[in-house]
Protein chains: 2
Amino acid sequence: MRQSITSLKEEKTNKEQDGIWPQVKFVQCPIRTSLGVLGKKWTMLILRDIGFLKIVRFNRILDSIPGLTPRVLSMRLRELEDEGYIECVGGKREPLIVVWRLTEKGRDTLPILIHITAFGSKWHADVVFEDKKPRSLNEIFPQPEVSRIMMGIR
Amino acid sequence: MRQSITSLKEEKTNKEQDGIWPQVKFVQCPIRTSLGVLGKKWTMLILRDIGFLKIVRFNRILDSIPGLTPRVLSMRLRELEDEGYIECVGGKREPLIVVWRLTEKGRDTLPILIHITAFGSKWHADVVFEDKKPRSLNEIFPQPEVSRIMMGIR
DNA sequence: GGTATCAGTATACTTAGTATAGTACATAAA
DNA sequence: TTTATGTACTATACTAAGTATACTGATACC
């Protein structure tokens, strides 16, 4: 009954797409479920610090991320800990020596970070690189380890 | 002078890590620069709609993302358009037939979405799948096209 | 004419994040 | 022993981002 307007190509149901969205039936969208803590501001940069840069202590993280405040860092660390992305080395938090590291779940976010890095290196090269020249994934991550991480091989 | 406290392993400078963070010198972190619009709430789901599900019109997107309001969708679409992730098919916005599609820049966010999907399919399988069984990247995206997209081959 | 859909706006409200200062404890030097 | 610094945070007040709900003007359908 609204055919004359809506009989455009996007209306041919989401199942029979020519796209690459999985044929697997999702009860709920996996992107949506992942975007709890991961989608919040600063989270990705905190994971970058702990996972890639090995900046693993409160004030060091604070120093490395301009704009991030102790209040929000404290909240994010707690959320990341609660949801199992990070953990303390000593198991329990002892004042003066709180050192964070990624769990297996946290390490599984690294492929996402790698692709965000690749995206930024291609599309924001003007601010990212001194020579302003865009670089590809393989150029910035030449290590064979990276493709293994991305494919989930450990 | 603060050696006795800080001579822990994370203090051995960020350059000589055993990690896989690129040796390339960044003027600014590519993750940070990418997290402008991309980091905002709902953006990834909107890109999923347009890029994967081919849900490309205002009210359809609104229907497909519970919780998203017209006000925010309107703002996100404008931001995504301004920063070159999406564009209208007709070039200009004509009332009653506004249809969105990804630009090249927008398509380059798909590898990020693919990995978020993979992450959710592994770590949130209990809510994502009916059988609650986690699935790997290759299981949910068996198409060879996916690895080509991820590697940036077009 | 009455109803529905289109793509949004307008207004008010709530939550999330920011700014800035301060806490309690520990170490080190003078 | 005082002073200075560093640790990981917390408290309070404020601003920006997102939410809820209603509404707009246009086009189309019956």
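Each chain gets a letter, A, B and so on, in the order the sequences are listed, and its residues count up from 1. Note: hydrogens, waters and symmetry copies are ignored here, and every other heavy atom, side chains too, is used.
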Does a side-chain N or O from [X] land closer than 4.0 Å to OP1 or OP2 of [N], or not?
X: B:Trp42; N: D:dT19; result: yes
X: B:Arg71; N: D:dT24; result: no
X: A:Ser74; N: D:dT10; result: yes
X: B:Arg57; N: C:dC6; result: no
X: B:Asn59; N: C:dT5; result: no
X: B:Arg60; N: C:dC6; result: yes

Legend entry - Residue pair B:Leu47, B:Leu113: steps toward the side chain to side chain contact (heavy atoms under 4.5 Å, CB included) verdict: CA-CA 8 Å; B:Leu47 291 175; B:Leu113 289 176; 4.0 Å; yes

Inset, instruction - Scan B:Ile46, B:Val72, B:Val98 and name whichever one has a side-chain contact (heavy atoms from CB on, under 4.5 Å) with B:Leu77. - result: B:Ile46

Inset, instruction - Using heavy atoms to find the nearest nucleotide of DNA chain C for A:Gly67 and B:Lys41 separately, return the residue whose nucleotide is more 5′. - result: B:Lys41

Inset, instruction - Specify the residue among B:Phe58 and A:Thr69 whose closest nucleotide of DNA chain C lies further upstream toward the 5′ end. - result: B:Phe58

Legend entry - A:Ile55 CD1 - D:dA8 P separation (whole Å): 13 Å

Legend entry - Plane angle bin for B:Phe52 and A:Trp21 - parallel if under 30°, tilted between 30 and 60°, otherwise perpendicular: tilted

Inset, instruction - Would you indicate which nucleotide in C:dG8, D:dT10, D:dA17 comes nearest to any side-chain atom of A:Arg78? - result: D:dT10

